[in-house]
S.K.: 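Provided herewith is a single structure, encoded as structure tokens, for subsequent inquiry.
Convention: sequence-line order gives letters A, B, ...; per-chain numbering from 1. All values reported here derive from a predicted model rather than from experimental measurement.
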Amino acid sequence: MKKVHVQLTLNGEPAEFLAEPRQTLLECLRDNLNLTGTKEGCGDGNCGSCSVLLDGQLVTSCLVLGVETDGLRVDTVEGIAKGSTLHPIQKAFIDNAALQCGICTPGFLMATKSLLEHNPNPTEPEIRLWLANNLCRCTGYDKIVRAVMIAAAEMQESAQ
Amino acid sequence: MSTPQYSLIGTRPPRHDGADKVTGRALYGADLKMSGLLHGSILRSPHAHARILSIDTSKAAAHPDCRGIVTAADFPATPERIVDLGEGETPLSYIRGNMLASGKVLYEGHAVAAVAATSAQAAAEIAKLIEMKYEPLPCVLTAPAAMAPGAPLLHPDLRCKEFGQPTTAPSNVADHFRQVMGNSEEGFAQADIVIEREFTTSTVHQGYIEPHTATALWNNDGRLLIWCATQGSFVVRDSVACMLDLPVSRVRVTPMEIGGGFGGKVPVYVEPVAALLSQKTGHPVKITMTRREVLEGSGPTPGSFIRVKIGAKKDGTLVAAQAYLAYEAGAYPGAMVSPAATCVFAAYDIPNQTIDGYDVVVNKPSTAPYRAPGATNAAFATETVLDEIAETLKLDPLDLRIRNAAKEGTRRADGAKFRRIGCLEVLETMKAHPHYSAPLGEPSHAAAQRGRGVAVGFWMNAGLPSSCTLNVHADGSVGLIEGSTDIGGSRTSIAMQAAEVLGLQSEDMRPSVVDTDTIGYTGVTGGSRTTFATGWAAHDAAQDVVRQMKERAARLWQVEEVQFANGVFTGGEHKLTFKQLAARVGEIGAPVVGRASVNPRGAGGSFAGVIVDVEVDMETGKTSIIRFTSVQDAGKAIHPSYVEGQMQGGSVQGIGWALNEEYFMSAEGRMMNASFLDYRMPTALDVPMIDTAIVEVPNPVHPYGVRGVGEANIVAPPAAIANAIHAATGHRMRHLPMNPPSVMAAILRG
Ligand code: FES
Ligand code: FES
């Protein structure tokens with residue numbers, strides 16, 4: 001089938017790619033744009049490891065078609081750090097051992113970023129509810145939830 | 001014995017691969033790009049048991065995007081032989097048969113053919129063009145059904161090994177062994193109370209988030225290069241070489257970053273298939289499983305049928321125990337029932353024991369290890385029977401366990417005698433833990449009831465070979481080369497053990513996990529052995545570095561004796577720090593390269609206990625975890641955050657196993673829930689914080705006293721939760737999972 005030309009804002013910069021209409025955004029990111037930071041755990045919307053922001057909305061990129069992103073903003077794990085400085089969420093994940101194998105981490109980082117944009121000071125139940133779309137099999141979630149709390153506190157402090 | 005003082009061991013430095021893993025830069029197997037790369041897809045059986053009548057690949061081969069097709073017929077023609085790849089003696093045909101079926105398919109999802117094409121999508125579509133003709137056969141799905149007289153046979157050539165001796169009649173039982181200590185019948189005769197119960201547990205999956213993936217290149221120099229997600233690169237090398245009839249020197253395996261394994265990425269699945277496709281096409285070929293393939297076509301862990309009988313005196317002294325353990329191996333023998341037998345009563349000093357183990361093939365995927373394989377099923381039985389004994393004798397369940405706890409010198413039924421272990425310390429820590437005496441709190445609604453349960457589990461841990469090389473750089477940093485796949489921060493725990501010897505910081509170390517050409521043989525990251533054994537090799541390699549550095553200093557200073565302490569070399573009035581001396585090595589002599597390899601026998605097992613509070617909704621049967629405390633003996637916690645992480649991760653896997661997870665099989669042997677939507681693993685919302693208490697009873701054989709902590713923590717949770725459900729509802733649960741329907745059924749039975 002003929003490929004479609006897609007233009008978008010990717011991690012804050014203009015980008016374009018050619019997509020087969022059947023290709024998911026996840027495939028386009030990984031295979032067409034060479035951004036392999038976004039991971040595939042299931043391909044059917046049930047693990048959250050492919051989470052990205054689409055025009056600021058948290059989505060599972062395996063359930064979005066690449067061609068749907070024409071003209072939109074897409075943010076992935078590769079865009080979280082500011083140049084060579086890690087984002088407080090990334091730092092909190094490393095410092096608090098919130099990753100073991102790390103395959104779920106890009107998805108959790110994106111979900112956390114989205115959570116803290118919506119709710120800068122979430123309670124533990126709010127964090128657990130928001131992150132319930134992301135599976136992690138290694139950590140038992142304890143250290144992830146704590147890292148999110150610590151990142152939230154840090155970001156609030158530096159915002160003041 | 002005084003506790004040694006460490007400067008780095010026991011601290012929590014950031015991991016070396018942290019930045020790569022939070023920026024998306026870390027390269028996992030599926031991330032690999034390569035020029036000329038083709039993509040493979042595997043065609044799998046829709047039947048649980050069927051004869052393959054014919055495979056017609058002509059339509060698929062004619063597709064313009066098809067680059068190659070392989071079936072079992074593409075394995076080199078070698079006569080049948082018995083091989084041992086570390087999991088016991090197995091016919092080569094069984095090992096190859098699980099990669100690509102020949103003659104018969106033995107489970108739904110069994111691979112029958114594979115296609116290489118220009119894209120993964122095209123490969124999957126072309127695979128569907130392969131025309132298969134099957135003659136479906138009756139299937140057996142549980143151990144008791146497969147053991148029944150007249151059951152359909154999976155392998156007409158399989159003969160049961162009965163107490164080590166071959167028998168003659170065809171059977172689905174591959175092995176029946178018995179371990180005896182004392183005389184259990186006489187023991188039961190002395191008991192005041194004897195309780196015997198039957199248990200069943202469902203097949204569950206390790207549930208790692210990264211699907212299996214491998215890229216193979218049959219290079220033009222005749223070497224086979226493989227990049228894959230594996231817990232053991234040398235196991236992949238040896239398995240692939242064996243299946244493809246190559247000397248191991250022809251195969252090089254590069255372990256990529258790995259997205260979880262828990263035992264499930266010890267065996268190979270797609271590696272030899274990708275290799276055959278590469279041989280056929282002359283291109284590198286990547287195969288990545290879909291989630292459905294992972295659930296149907298990799299190795300879950302055995303379901304089981306268990307009977308446990310325990311006898312006790314009125315005061316709670318355990319006098320006799322019997323276990324009947326029938327484990328489902330899946331399609332090929334190897335149900336890990338022997339570790340189950342080792343663990344079933346390991347936490348207790350019981351003089352009279354008889355343990356029977358059965359390794360039974362059934363029409364489900366060939367099983368693989370899963371975190372303390374075999375032990376969780378067994379502990380579910382033992383620990384709930386003990387709870388019943390404590391209840392009947394009106395004893396505190398921890399007091400009952402403390403009274404009978406295994407100690408140094410306690411003998412197990414397998415003949416082994418414990419060295420210094422921390423069973424008692426774990427139990428005493430549980431007893432003293434504030435959680436154990438805390439009030440349960442009010443149920444959240446009128447139809448809810450709360451209860452508390454405890455249980456303890458054991459895993460013996462593995463030794464196995466490990467190698468380590470250290471390269472001292474001029475700025476005093478040290479490159480550490482090792483072969484253990486890092487699944488949860490082991491690079492750092494290993495590097496810390498070398499840095500402690502060298503008086504360096506963790507960030508002075510540059511650990512890399514390398515391919516099988518570049519490091520000495522290293523066993524799998526499994527058996528909770530990596531921090532223990534590869535860390536030990538790193539410790540010894542660091543001592544080798546110190547020896548060489550001392551020699552360089554002696555030459556520099558022209559002195560006889562050089563001392564090294566706290567990171568400083570001294571000789572006569574001379575003094576240099578490690579870094580200062582490293583800067584001068586070049587002017588004194590050859591570069592300093594430290595090396596060590598180890599092969600520990602006996603690793604020093606770990607005990608782990610759980611205190612759990614549950615709330616059961618009496619109207620729906622749903623169980624919620626209210627509070628959870630995991631207690632484990634780590635020997636010595638090198639990096640406490642990673643120890644806690646293992647305990648928390650194992651605990652939550654145990655919660656999933658207890659409450660939700662199961663292979664839901666139709667009568668025809670089809671898995672009805674082959675997705676993460678329906679194979680329901682715990683989410684962040686399903687669990688509370690997991691409190692941890694690390695106990696440190698140093699392992700006498702290890703330089704820092706380390707005991708592996710990766711596994712024992714999953715053993716107790718299902719039993720502890722069953723005991724808590726009983727405390728809440730008055731009902732004993734004897735089947736896993738204890739999902740709402742089964743709890744509700746127990747409530748309704750009254
Ligand atoms: S890969 Fe998209 S949700 Fe799992
Ligand atoms: S860290 Fe491994 S799945 Fe989350």
S.K.: Who among B:M681, B:K33, B:M689, B:Q653 has the most heavy-atom pairs with chain A under 4.5 Å?
M.R.: B:M689

S.K.: What option among B:S490, B:G645, B:P14 has the most heavy-atom pairs under 4.5 Å with chain A?
M.R.: B:G645

S.K.: Which region of B:Q206, side chain (C-beta onward) or backbone (N, CA, C, O), has a non-hydrogen atom less than 4.5 Å from a non-hydrogen atom of chain A, or is it both or neither?
M.R.: backbone

S.K.: For B:R25, does the CZ atom have more than 12 heavy-atom neighbours from other residues, nucleotides or ligands under 6.0 Å away?
M.R.: no

S.K.: Could you go step by step and tell me if B:I638 and B:M496 meet the side chain to side chain contact (heavy atoms under 4.5 Å, CB included) rule?
M.R.: CA-CA 8 Å; B:I638 299 295; B:M496 286 168 76; 4.0 Å; yes

S.K.: Working note: B:D31 + A:R30, criterion salt bridge (charged side-chain N to carboxylate O under 4.0 Å, His left out); need CA distance, chi angles, decisive distance, verdict.
M.R.: CA-CA 8 Å; B:D31 302 336; A:R30 292 180 54 85; 2.7 Å; yes

S.K.: For the residue pair B:I714 and B:Y370, establish whether any side-chain heavy-atom pair is separated by less than 4.5 Å.
M.R.: yes

S.K.: Taking C-beta and beyond as the side chain, do B:Y642 and B:V709 meet within less than 4.5 Å on heavy atoms?
M.R.: no

S.K.: By a 4.5 Å heavy-atom criterion (distance strictly below it), what part of B:P13 contacts chain A: side chain, backbone, both, or neither?
M.R.: neither

S.K.: Taking the side chain as everything from C-beta on, heavy atoms only, tell me whether B:I655 gets closer than 4.5 Å to B:I690.
M.R.: yes

S.K.: Working note: A:Q7 + A:D70, criterion side chain to side chain contact (heavy atoms under 4.5 Å, CB included); need CA distance, chi angles, decisive distance, verdict.
M.R.: CA-CA 5 Å; A:Q7 283 181 300; A:D70 191 49; 3.9 Å; yes

S.K.: Is B:S641 close to chain A through its backbone or its side chain, or both, or neither, when contacts mean heavy atoms under 4.5 Å?
M.R.: both

S.K.: To the nearest 0.5 Å, what is the distance between CG on B:D486 and CZ on B:R491?
M.R.: 4.5 Å

S.K.: Chain B heavy atoms under 4.5 Å from A:L99: which part of the residue, side chain, backbone, both or neither?
M.R.: both

S.K.: Counting C-beta onward and ignoring hydrogens, is there a side-chain heavy-atom pair between A:P106 and A:E78 closer than 4.5 Å?
M.R.: no

S.K.: Between B:S298 and B:H205, do the side chains contain an N or O donor and an N or O acceptor separated by less than 3.5 Å?
M.R.: yes

S.K.: What residues of residues 143-152 of chain A sit under 4.5 Å from chain B when you count only heavy atoms?
M.R.: A:K143, A:V145, A:R146

S.K.: Between the side chains of A:K39 and B:E257, is the shortest nitrogen-to-carboxylate-oxygen separation below 4.0 Å, so that they form an ion pair?
M.R.: no

S.K.: Tell me, do B:K265 and B:E210 make a side-chain contact under 4.5 Å, heavy atoms counted?
M.R.: yes

S.K.: Please, which pairs that meet ring pair (Phe, Tyr, Trp, His ring centres under 6.0 Å) have at least one residue in residues 19-76 of chain A, sequence neighbours excluded?
M.R.: none

S.K.: Looking at B:G489, B:A19, B:G207, B:A30, which has the largest count of heavy-atom pairs under 4.5 Å with chain A?
M.R.: B:G207

S.K.: Answer with side chain, backbone, both or neither: which region of B:A26 has an atom nearer than 4.5 Å to a non-hydrogen atom of chain A?
M.R.: backbone

S.K.: Determine the option with the most heavy-atom pairs under 4.5 angstrom with chain A, choosing from B:G261, B:A120, B:P682, B:G656.
M.R.: B:P682

S.K.: State, with a plain yes or no, whether a side-chain heavy atom of B:M256 is found less than 4.5 Å away from one of B:Y28.
M.R.: no

S.K.: If you count heavy-atom pairs under 4.5 Å between each of A:G79, A:G140, A:C101, A:C136 and chain B, which one has the most?
M.R.: A:C101

S.K.: Mind checking which of residues 40-58 of chain A sit less than 4.5 Å from chain B, heavy atom to heavy atom?
M.R.: A:E40, A:G41, A:C42, A:D44, A:N46, A:C47, A:S49

S.K.: Just to verify, which of A:Q23, A:E20, A:K3, A:E27 counts as forming a side chain to side chain donor-acceptor pair (under 3.5 Å) with A:N32?
M.R.: A:Q23

S.K.: With side chains defined as the heavy atoms from C-beta onward, is the minimum distance between A:E68 and A:P21 less than 4.5 Å?
M.R.: no

S.K.: Looking at A:L129, A:T139, A:T38, which makes the most heavy-atom pairs under 4.5 Å with chain B?
M.R.: A:T139

S.K.: Against chain A, label B:T290 side chain, backbone, both or neither, depending on which of its atoms sit under 4.5 Å from a heavy atom there.
M.R.: neither

S.K.: Could you tell me which portion of A:N96 (side chain, backbone, both or neither) has an atom closer than 4.5 angstrom to a non-hydrogen atom of chain B?
M.R.: neither

S.K.: Within residues 82-94 of chain A, which positions have a heavy-atom distance to chain B below 4.5 Å?
M.R.: A:L86, A:Q90, A:F93, A:I94

S.K.: Can we say B:R680 and B:D686 salt-bridge, meaning some charged N sits less than 4.0 Å from an Asp/Glu carboxylate O?
M.R.: yes

S.K.: Would you give the length of the straight line joining atom SG of A:C138 to atom CD1 of B:I487, rounded to the nearest 0.5 angstrom?
M.R.: 8.0 Å

S.K.: Looking just at side-chain N and O atoms, do B:S119 and B:Q121 make a donor-acceptor pair shorter than 3.5 Å?
M.R.: no

S.K.: Just so I understand: if I count every heavy-atom pair under 4.5 Å between each of B:E644, B:M289, B:R292, B:H639 and chain A, which residue has the most?
M.R.: B:E644

S.K.: Kindly indicate whether the side chain of A:L35, heavy atoms from C-beta on, has any atom under 4.5 Å from the side chain of A:N11.
M.R.: yes

